[in-house]
Amino acid sequence: MKVKLILLLTILISLACILYGCNNSKLSQPSSKENNTVKSEITSETSKPIDAIDLTFKSKLGFEMKFPSNWKDKYTIKENNDSVSVYFKSIDPKTPPNSGLLFVIMKNNDSLNKDMYDSIDGNKYLTIGNTTYFIGSPTDVALNPENTDFNTFLSMNKERKKVIDTIKSSN
């Protein structure tokens, strides 16, 4: 019950911050002197950063996906031979790396424990070419609610489906 109350209060506070931020948008606009070409961190076997202008990630698994522009510098991707994991990239120095899992995309196989993951808006599978992928998110909030950028994490969680909907073959 306490967790639900904390989550509800966090959502209300984040909505108030969003509304306040919209009214003060002139304060957060970058100056024309700033360099707006920033790299997002991607961690894989090759550790290739992607260009944050289009925020497109091409996986070696044969698919690509696009991220909303407001995710720039706020996520990390870890890729291995049969999965891609997307993590929230916290600015809170007390937050360990990879503690804010947003979602995973894994080649579907019989050894996969699907009970460890929730669906994202009802979708659990995606077929690209001849390969079926399992798509899931953590069954619990994957970040401490006391984290300084917890509201950003919650906002990105709400936008995961937008990213999933952009997945397509890169072959």
Side-chain angles (χ1 to χ4, degrees), residues 3-4 6-8 10-11 14 38-92 94-147 149-171:
V3 173
K4 288 182 181 179
I6 290 171
L7 188 56
L8 180 61
T10 304
I11 291 170
S14 67
V38 184
K39 304 289 182 181
S40 291
E41 180 180 324
I42 302 290
T43 306
S44 69
E45 291 176 8
T46 57
S47 295
K48 294 180 188 174
I50 61 170
D51 194 349
I53 292 172
D54 68 5
L55 299 176
T56 298
F57 171 74
K58 292 185 180 182
S59 170
K60 63 184 177 185
L61 299 176
F63 63 85
E64 64 182 58
M65 61 184 150
K66 294 185 181 199
F67 295 90
S69 60
N70 63 322
W71 282 36
K72 183 172 69 172
D73 298 327
K74 296 177 185 170
Y75 65 97
T76 301
I77 296 175
K78 287 203 170 189
E79 181 176 34
N80 63 37
N81 291 333
D82 43 351
S83 70
V84 172
S85 299
V86 180
Y87 294 91
F88 174 67
K89 186 177 171 184
S90 177
I91 59 171
D92 190 325
K94 293 182 260 175
T95 302
N98 305 330
S99 63
L101 180 64
L102 293 165
F103 64 90
V104 296
I105 302 169
M106 298 179 256
K107 285 185 179 177
N108 193 33
N109 63 55
D110 294 334
S111 65
L112 178 63
N113 186 354
K114 297 170 184 124
D115 293 333
M116 292 179 54
Y117 301 95
D118 281 336
S119 67
I120 297 174
D121 201 33
N123 296 329
K124 279 198 169 187
Y125 299 97
L126 175 67
T127 301
I128 300 174
N130 295 328
T131 306
T132 300
Y133 296 94
F134 172 81
I135 301 171
S137 64
T139 57
D140 197 2
V141 176
L143 193 69
N144 185 339
E146 294 180 16
N147 185 293
D149 48 1
F150 184 72
N151 292 333
T152 303
F153 172 75
L154 289 177
S155 174
M156 290 171 70
N157 260 322
K158 292 177 185 175
E159 295 181 324
R160 294 178 299 193
K161 175 139 176 38
K162 289 180 186 178
V163 176
I164 301 301
D165 288 344
T166 69
I167 296 174
K168 65 180 184 179
S169 174
S170 61
N171 295 331

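Quick note: residue numbers are just sequence positions, from 1.
- Considering only residues two or more places apart in sequence or on other chains, Lys107 meets the salt bridge (Lys or Arg N to Asp or Glu O under 4.0 Å) condition with none of them.
- Minimum interatomic distance between Leu143 and Asn147 (heavy atoms only, all atoms of both residues): CD1-ND2, 3.8 Å.
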Task: Stepwise side-chain contact (heavy atoms from CB on, under 4.5 Å) test for Lys74 and Phe67 - done: CA-CA 11 Å; Lys74 296 177 185 170; Phe67 295 90; over 6 Å; no
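- For Tyr87, there are no ring pair (Phe, Tyr, Trp, His ring centres under 6.0 Å) partners two or more places apart in sequence or in a different chain.
- With rounding to the nearest 0.5 angstrom, the CD1 atom of Ile105 is 13.0 Å from the CG atom of Asn108.
- A pairwise comparison of heavy atoms in Leu101 and Ser85 identifies CD1-CB, 4.1 Å as the closest pair.
- With sequence neighbours left out, the salt bridge (Lys or Arg N to Asp or Glu O under 4.0 Å) criterion links Lys161 to Asp165.
- Side chains of Asn81 and Lys60 form a contact here, defined as non-hydrogen atoms less than 4.5 Å apart.
- Within the 4.5 Å cutoff, side-chain heavy atoms of Val163 are placed close to those of Pro68.
- Considering only residues two or more places apart in sequence or on other chains, Asn70 meets the side chain to side chain donor-acceptor pair (under 3.5 Å) condition with Glu159.
- Other residues, nucleotides and ligands contribute over 12 non-hydrogen atoms within 6.0 Å of the NZ atom of Lys114.
- Distance check: Met65 CE to Ile164 CD1 gives 7.0 Å after rounding to the nearest 0.5 Å.
- Evaluation of the side chain to side chain contact (heavy atoms under 4.5 Å, CB included) rule for Pro97 yields no partner, not counting sequence neighbours.
- Side-chain contact between Leu61 and Glu79 is present, with heavy atoms from C-beta onward closer than 4.5 Å.
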TODO: Given side-chain contact (heavy atoms from CB on, under 4.5 Å), test Phe153 with Val141 step by step and report yes or no.
DONE: CA-CA 10 Å; Phe153 172 75; Val141 176; 3.9 Å; yes
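- When the ring pair (Phe, Tyr, Trp, His ring centres under 6.0 Å) test is applied to Phe63, the partners found at least two apart in sequence or on another chain are Tyr133.
- Remark: Asp115 pairs with Asn113 by the side chain to side chain contact (heavy atoms under 4.5 Å, CB included) rule, at least two apart or across chains.
- With sequence neighbours left out, Asn130 forms a side chain to side chain contact (heavy atoms under 4.5 Å, CB included) with no residue at all.
- Applying the side chain to side chain contact (heavy atoms under 4.5 Å, CB included) rule to Glu146 yields the partners Asn144; only residues at least two apart in sequence or on another chain are considered.
- Residues satisfying the side chain to side chain donor-acceptor pair (under 3.5 Å) test with Asp92, not counting sequence neighbours, are Thr148.
- The structure places OG of Ser137 at 12.0 Å from CE of Met116, a figure rounded to the nearest 0.5 Å.
- The NZ atom of Lys89 sits 14.0 Å away from atom CH2 of Trp71, with the distance rounded to the nearest 0.5 Å.
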- [ ] Walk me through it: do Val86 and Arg160 pass the test side-chain contact (heavy atoms from CB on, under 4.5 Å)?
- [x] CA-CA 10 Å; Val86 180; Arg160 294 178 299 193; over 6 Å; no
Task: Stepwise side-chain contact (heavy atoms from CB on, under 4.5 Å) test for Lys66 and Leu55 - done: CA-CA 6 Å; Lys66 294 185 181 199; Leu55 299 176; 6.0 Å; no
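- Heavy-atom contacts from other residues, nucleotides or ligands closer than 6.0 Å to NZ of Lys162 number 12 or fewer.
- A heavy-atom distance below 4.5 Å is found between the side chains of Ile128 and Ile167.
- Remark: Ser169 engages no residue in a side chain to side chain donor-acceptor pair (under 3.5 Å) (not counting sequence neighbours).
- Not counting sequence neighbours, the partners of Asp149 by the side chain to side chain donor-acceptor pair (under 3.5 Å) test are Ser90.
- Interatomic distance, Asn157 CG to Phe150 CZ, rounded to the nearest 0.5 Å: 8.5 Å.
- Taking NZ of Lys78 as the reference point, atom CG of Asn98 lies at 4.0 Å (rounded to 0.5 Å).
- In this structure, Ser83 contributes its side chain and Asn80 its backbone to no donor-acceptor pair below 3.5 Å.
- Contact check for Ile77 versus Tyr75: side-chain heavy atoms found under the 4.5 Å cut-off.
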